[in-house]
Amino acid sequence: QVQLVESGGGLVQPGGSLRLSCAASGNIFSLYAMGWYRQAPGKQRELVATISRDDSTSTNYADSVKGRFTISTHNAKNTVHLQMNSLKAEDTAVYYCNAHRPFRDYWGQGTQVTVSS
């Protein structure tokens, strides 16, 4: 099994920055990709960004965050970060770390990000 633990959420003002981190442990060798999703109250969970564990240059972003957020991996690809800049009120959500392999996905418990003045 794979365990994912998120950290780094909090309250920031519009235009501010946060960096989220997700530490993966357990049977991580078969994972193809890791990423971040978010879910605002009353809304569907949506993809934010993903990154390949085979090629760290292979990334994709939701249009709503492209140019503002950056996903990266560190520590032998056991940790994934999401650098969030120029935050907007609409970025407010619970952010979930995701790890993917062909037959299943793993999810963290989520970390709250609130953007408000």
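What you see is a predicted model; the values in this text were computed from it and never measured.
- With no hydrogens or angles considered, no side-chain donor-acceptor pair links Ser72 and His81 at under 3.5 Å.
- In summary, the aromatic rings of Trp107 and Tyr37 are positioned with their centroids under 6.0 Å apart.
- Residues Val2 and Ile51 share a hydrophobic cluster, clusters being chains of Ile/Leu/Val/Met/Phe/Trp/Tyr side chains in contact below 4.5 Å.
- The CG atom of Asp105 sits 11.5 Å away from the CE atom of Met34 when rounded to the nearest 0.5 Å.
- Ala24 and Leu4 get closest at one heavy-atom pair: CB-CD2, 3.6 Å.
- The pair Asp91-Lys88 does not count as a salt bridge, with every side-chain nitrogen at least 4.0 angstrom from each carboxylate oxygen.
- Here the side chain of Tyr61 pairs a donor or acceptor atom with the backbone of Ile71 at under 3.5 angstrom.
- No single ILVMFWY cluster, assembled from side-chain heavy atoms under 4.5 Å apart, contains both Tyr96 and Val48.
- Within the 3.5 Å criterion, the main-chain N or O of Thr111 finds no donor-acceptor partner in the side chain of Glu6.
- Between the side chains of Arg68 and Gln83, not a single donor N or O lies within less than 3.5 Å of an accepting N or O.
- Arg38 and Tyr95 share a donor-acceptor pair across their side chains, judged by distance under 3.5 Å alone.
- The line from CG of Asp54 to OH of Tyr32 is 7.5 Å long, rounded to the nearest 0.5 Å.
- Looking only at distances, no side-chain donor or acceptor of Arg53 sits under 3.5 Å from a matching main-chain atom of Ser30.
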